[in-house]
Protein chains: 6
Amino acid sequence: MSAQTQPIIKLGVPKGSLEEATINLFERAGWKIRKHTRNYFPDINDPEITASLCRVQEIGGYIEAGVLDVGITGLDWLSERGHEDKVERIADLVYSKTSNRPCRWVLAVAGDSPYACAADLAGKRIATELEGLTRRYFSRQGVDVDVFYSWGATEAKVVEGLADGIVEVTETGTTIRAHGLKIIDEVMVSYPVLIANRDAWRDPRKRAKIEQLTLLLQGALRAENLVAIKMNAPAAHLDAILEMLPSLNSPTVSPLRDGRWLSVETVVEVGIVRDLIPRLREAGAEGIIEYALNKVI
Amino acid sequence: MSAQTQPIIKLGVPKGSLEEATINLFERAGWKIRKHTRNYFPDINDPEITASLCRVQEIGGYIEAGVLDVGITGLDWLSERGHEDKVERIADLVYSKTSNRPCRWVLAVAGDSPYACAADLAGKRIATELEGLTRRYFSRQGVDVDVFYSWGATEAKVVEGLADGIVEVTETGTTIRAHGLKIIDEVMVSYPVLIANRDAWRDPRKRAKIEQLTLLLQGALRAENLVAIKMNAPAAHLDAILEMLPSLNSPTVSPLRDGRWLSVETVVEVGIVRDLIPRLREAGAEGIIEYALNKVI
Amino acid sequence: MSAQTQPIIKLGVPKGSLEEATINLFERAGWKIRKHTRNYFPDINDPEITASLCRVQEIGGYIEAGVLDVGITGLDWLSERGHEDKVERIADLVYSKTSNRPCRWVLAVAGDSPYACAADLAGKRIATELEGLTRRYFSRQGVDVDVFYSWGATEAKVVEGLADGIVEVTETGTTIRAHGLKIIDEVMVSYPVLIANRDAWRDPRKRAKIEQLTLLLQGALRAENLVAIKMNAPAAHLDAILEMLPSLNSPTVSPLRDGRWLSVETVVEVGIVRDLIPRLREAGAEGIIEYALNKVI
Amino acid sequence: MSAQTQPIIKLGVPKGSLEEATINLFERAGWKIRKHTRNYFPDINDPEITASLCRVQEIGGYIEAGVLDVGITGLDWLSERGHEDKVERIADLVYSKTSNRPCRWVLAVAGDSPYACAADLAGKRIATELEGLTRRYFSRQGVDVDVFYSWGATEAKVVEGLADGIVEVTETGTTIRAHGLKIIDEVMVSYPVLIANRDAWRDPRKRAKIEQLTLLLQGALRAENLVAIKMNAPAAHLDAILEMLPSLNSPTVSPLRDGRWLSVETVVEVGIVRDLIPRLREAGAEGIIEYALNKVI
Amino acid sequence: MSAQTQPIIKLGVPKGSLEEATINLFERAGWKIRKHTRNYFPDINDPEITASLCRVQEIGGYIEAGVLDVGITGLDWLSERGHEDKVERIADLVYSKTSNRPCRWVLAVAGDSPYACAADLAGKRIATELEGLTRRYFSRQGVDVDVFYSWGATEAKVVEGLADGIVEVTETGTTIRAHGLKIIDEVMVSYPVLIANRDAWRDPRKRAKIEQLTLLLQGALRAENLVAIKMNAPAAHLDAILEMLPSLNSPTVSPLRDGRWLSVETVVEVGIVRDLIPRLREAGAEGIIEYALNKVI
Amino acid sequence: MSAQTQPIIKLGVPKGSLEEATINLFERAGWKIRKHTRNYFPDINDPEITASLCRVQEIGGYIEAGVLDVGITGLDWLSERGHEDKVERIADLVYSKTSNRPCRWVLAVAGDSPYACAADLAGKRIATELEGLTRRYFSRQGVDVDVFYSWGATEAKVVEGLADGIVEVTETGTTIRAHGLKIIDEVMVSYPVLIANRDAWRDPRKRAKIEQLTLLLQGALRAENLVAIKMNAPAAHLDAILEMLPSLNSPTVSPLRDGRWLSVETVVEVGIVRDLIPRLREAGAEGIIEYALNKVI
């Protein structure tokens, strides 16, 4: 049919702690999302998409119901609210407000308490924001506890004697330890996931657009942990130098006008550069420069 | 029995939007509550009380379970969480972050929508923070709707097309209208209430302490809407002047050294002073001064 | 006629540097003005008044045109915009953001410049926000200058060499001196004035309301510089003590149960208390207390 | 001539909403401007330039008068203050606080008003910051209106009933719509322009410096909307890949040591990358990376 | 001699944590001190005083040297810097940033360390801001330690293993405990003191001014912990009611027109009001009001 | 020996004005330091390092005592506290909060004072944070002065008449001049230095780690002042173009598929780009792009 126009994709962007990191990720991927103080529809510079800012807790429900077509939410809330099996999970996007590590929901108790495992908490009060996850966790182990819903500041519940244990989210454990608590078990690992409504995923034109989003978001996310390094390598030592470079990305080697040297350029993980550079220099590489990347596809 | 010491009362202080107003109210009532950035136990300058800062959503549950003895929470959440009939409701304390008016939970829809009453929303999506209240409201009217839990910014749900209606809290309706919504029904009136655990209320020594709290909190709250005015009244016009003063508080009339004048002092509502003063002056009162009060018992 | 209702008064409240001080003054006078972040109509707790927040520069024009009935603006802008002779000037209200002193528009030049009076600036560049006032000032003295309109940061214009002199507003001269400038003449004294539209002032019902506003705003403003002091005076030294008290307010003297003492209470200017109290004590007064006042009529 | 030294260029930098964006643009162009809290002369790391921070409203006047040699101001205020024909307009620099789009001055009225074009506003009140532009616009159409100068918050003038229409600046229309207004005409398109004093422009040494500024500011501004992409292309598909690349910048193709592949690098508009990358990958390109640019000349 | 004018008193006002509380105290005492952002001489509304803002650490030295005449500093730094015996100590003014309690310098160690007294720290590292006090404290006990000067965040020194113990200031111990430390000894009690240069104190005219300052600062400080309460007492129960009132301030009892009642007014400590009011009510008092005081002399 | 594990290096990171710049420098060098609000141990993503945040004044002492192994501090405080000769000075790292220039400690006096050199200040009061440096400076010149320790806001000491001169730190002299002071001598030049404990430096495994830190911190610091530029050069003009490029970095010249052109890429100082680019363009270079670098080794 001739008059068929591209359908508009309704995108859910997580509001709150992931908000800024998500907007930055979209920007590096190629989409500018601009918020307004006076309404809640952010602008997005793509006529084929409209964006809504919603809490991670809400996005799964709106996608399941088809109010939104695609969005980013946390695996934890997706599961807690029961949407996990009713939406299409497209890609895992491991990033967070402050790092690119997944977060963990853990069971924690007062540092000077005698509790060492879930069973020790039988009959006790547990405060948490994820009641469902917590109930299923204790029930899998056959331990009976009273679960209290906690509206934030969950660590303090133990400090103040309002609860005996908590199930709470953490990246590094620092906040939990800073409250004098100790972690006695890991309940769940979570990270952002890109999910789609099942009908939208079946519609080929919507699906093509969602796949474009996925490819570029993944490319931008990958680039965050990578940098480009470039150096002049003496022809005589080229093989030694190439051997040092991690094999996952094959380096680009190009001739120079001065035939005794070659230009070598490659993409490496940011975390290994500090060990790699001293070794490259020892092997004869010169003029080593490092620069940042927006995307790596 | 000799060794009986006064039991410690565990007090729940609402954290969040009521927090500052509550701490100020306690200060005027005679108790200084001082928060610390690094832990959650606020100091309170009364050895017979320990205070905990909790969300209004949590206080009812902790009081029902006896984790706390007494506290201030909102009537709305007390009812929503099902604690209303399981705690002792001691006093209504009508105050808020910005005024001393109760707040209202209302049903609102887009200003340009055709919906004019609850029944018009049959089969539609309603976003709210009070799912129970909302479900009971619609079910009382025999109207079937889909209720979505909303994590804040509820008005925006309608603006963005995520919901057809909302049940949301408001004092003056300003925020709701500023989003282009219109209110089509009032679902509930709410305000802070002082509640106690039933066992604590039955314990005579705990009850005496709770009653002292109640008397002084009420005295401090009352003083907020009252001011003292004091004037010199000519003896000849004393009766006319006394007649103008509101009858609820009997004025204090004392003789002056100059027998032609009397001193008249009374407590009046702050809202009527601007009309009262011009009339008192016309009636011959002189040297009218107004001053603020901490407490009126 | 029976159905005559009280007309609504449209009140202009100055936005910007006078805003907070004005809202506080109205509160002490008996009217609560509450701003909203999302629209510009502030609430005012009087059904006979609607309030608008406007810049002082705009209020005169809206009152002259009858768009507003009454408002507070600065004498300087009232004159600059040419409304002075076309509105009714009801009362001078000398207050400001930080003190209760009038402000002055002054002619200032670089501290190390040779200019000592207006005539020395012939042919030079003068930067100012009040072009009309500045032109009239120089023309009265027969001095020809180039006047440049300045959008704020006027003192810096001299520091940067963009202007040779400025006509700028100041309370204490501190900011001007802090830029290394010196004041060489005073051009105008200014303070807030309460003005009304001429038709509104002729309408008896509007005028009665405007007069009520005036009485109570003046009473609240007066109270800012006054405090009440109260003491027990020995009957034997009463006359000596009464003589020390400033004559403008006649003190209230009342008998005590113990006939050797009298209670003396009076209202005095806050600025003289620190000198008065030591002298009262020397004269035998005891139990001297000082308290703050909301209004003095 | 022997003693001829390079003259110092006096540069006007716009203060306020364009300030940060302008300082960033200069930094990418190669000049660091550093502000000080205690005076108004910013440092600039070029001994041939002194910089002054002035409001856009003032810069045109200072450049016309020769107080400054060159500067950036808005086309709107340049025209409003009547300097347009008295300074040299060197280059259009389309950037803003938040995007790189020009802004528009529009005629807007209440969303629910009957006004649909300028003529409908005959006899009405129009609030605006650009009185001259507004008067000329209505007079061109033979419509008589009352123009009120507005000191900011112009949209609110309609909401509060102080004006019937406004002429106001906007980028996306969002703020205007958020106040419930509708746009009924476009009055002027505006953006930053680089202007110079006519005498400075005629002086060859000053002109050379101004041209250097222009070249590098334009290069930095261009780079904001461009990114570099680099990939390894199979020799067999090189032509297909080159054909996909936009023609405006001819790509750099260099041989690799492995003769079956070539390195292709080009500069493309940031807005097309998200569509280009999936197509390049389909065509066989590998190791696609994208990186940001400071300047493109 | 005729031409003798009152000498100007140079006053040192402590900058930093005591600054706001000190400026408020002076305001209640009768002196307005106004700071400026652009210079360091605060205004004070008394032509006989000039004020300087200095750190508490510096004030003692400037007063000893006669650079300042009078000022407020902390007893701790007065002693640490060795000025204690070289200035005149006029009055103790027990107030602080957050309360009116003195502060304490304490010896603290890690909560889980074995150290229980000073002697246990022999040979260890002690971090502190008061090196002199700390050295004298350990030397009095014959314990040899290494004292490290700490530039703030002293508690963290133990947490990070940089020190074994600290000597640090605290009001309630909360911050120390929040770092997981325990207090094992009290080293010094400190509070603000009003001190004067010895020559200034000997000059009768300067001394008179300093004594006026002292009287009114003490009056204002006393008023902070006191409130006035006022009630109507039945003549029949007057004695019972008077007996309940604390004896330190003799209450003012005045007759009312209605001879069966008397007016009773007194000043009481804010901390006892919450216990006093319920008892007064039981004894028949009516119309009990409480109001705040600026000064009690 | 088999069980030898790599020892943990204890690193001191300067807290306060250098803190953010230091953390950014480490990030570009390859180490992420993440602070926590609730304790003072920042995370560092290298299992061979633990980091502590300390004031620059403290770091030297902790490194001398072996509490820390390596750290960054200021040369000024290193010398003032007497650690200069007792630690190993590894590298000078010239950076600061706002620029990459060293700072200077200067002798300054009131702008209108008669003092022109150190000798003119004999017998006067000098305020400073570096008492030792100041005493040694004056004593080298045989000038006797009273040195007062200053806790910040040192410039104000002269303005307020508390001191006759100051020895204070400055980068550009702007703050000093803004207080109306003039600089009459330079006392010391300072910048951050990387220092190590002597025992740590002698331990080969610790030293290897410290050398890796040094290499990468220097590489990252160097990159801040450098950018990469890349262009297509006509083969015919290659030599002319290469001659324009600064000799310190030999440019990378690579052949293009189109044999008439070569690709030239080099690293140049950011400060010369604005002069270089116009000349390159004149010489025939095309497609000039500039991009930023993370590291240059």
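Every chain is numbered from 1, with letters handed out A, B, ... down the list of sequences. If you're wondering where the values come from, they're calculated on a predicted model, not measured in any experiment.
Only the side chain of F/Leu262 comes within less than 4.5 Å of a heavy atom in chain A; its backbone stays farther off. For A/Arg257, the parts lying under 4.5 angstrom from a heavy atom of chain F are both the backbone and the side chain. Contact annotation for F/Ile297: both backbone and side-chain heavy atoms come within less than 4.5 Å of a heavy atom of chain A. With a 4.5 angstrom heavy-atom cutoff, F/Leu215 touches chain A only via side-chain atoms. Contacts between F/Leu238 and chain A at a heavy-atom distance below 4.5 Å involve the side chain alone, from C-beta outward. Proximity to chain A (any heavy atom under 4.5 Å) is shown, for F/Glu211, by neither the backbone nor the side chain. Residue F/Ala223: no heavy atom, backbone or side chain, is found under 4.5 Å from chain A.
The two residues F/Arg34 and A/Arg101 come nearest to each other via the heavy atoms NH2-NH2, 3.1 Å. The minimum heavy-atom distance linking A/Tyr291 with F/Asn294 is given by the pair C-ND2, 3.8 Å.
Of the listed residues (A/Ser263, A/Gly271, A/Pro255), the greatest number of heavy-atom pairs within a distance under 4.5 Å of chain F belongs to A/Pro255. For chain A, the option among F/Arg28, F/Arg222, F/Gln212 with the highest count of heavy-atom pairs below 4.5 Å is F/Gln212. When A/Asp275, A/Ile272, A/Val270 are compared by the number of non-hydrogen pairs under 4.5 Å with chain F, A/Asp275 comes out ahead.
No more than 12 heavy atoms of other residues, nucleotides or ligands sit less than 6.0 Å from atom CZ of A/Arg281. A 6.0 Å sphere centred on CD of F/Glu48 holds more than 12 heavy atoms belonging to other residues, nucleotides or ligands.
The distance from atom CG of A/Leu256 to atom OG1 of F/Thr252, rounded to the nearest 0.5 Å, is 6.0 Å. Going from atom CG of A/Asn232 over to atom OG of F/Ser254 covers 9.5 Å, rounded to the nearest 0.5 Å.
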Exercise. Could you please spell out the steps behind the side-chain hydrogen bond (donor to acceptor under 3.5 Å, both in side chains) verdict for F/Asp43 and A/Thr172?
Key: CA-CA 9 Å; F/Asp43 275 351; A/Thr172 61; 4.5 Å; no
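At least one side-chain heavy atom of A/Arg274 sits less than 4.5 Å from a side-chain heavy atom of F/Asp46.
Each of A/Ile277, A/Ile288, A/Ile289 was scored for a side chain to side chain contact (heavy atoms under 4.5 Å, CB included) with F/Lys295, with one residue passing: A/Ile277.
Looking at A/Lys230 and F/Glu265, a side-chain N of the basic residue comes within less than 4.0 Å of a carboxylate O on the acidic one, giving a salt bridge.
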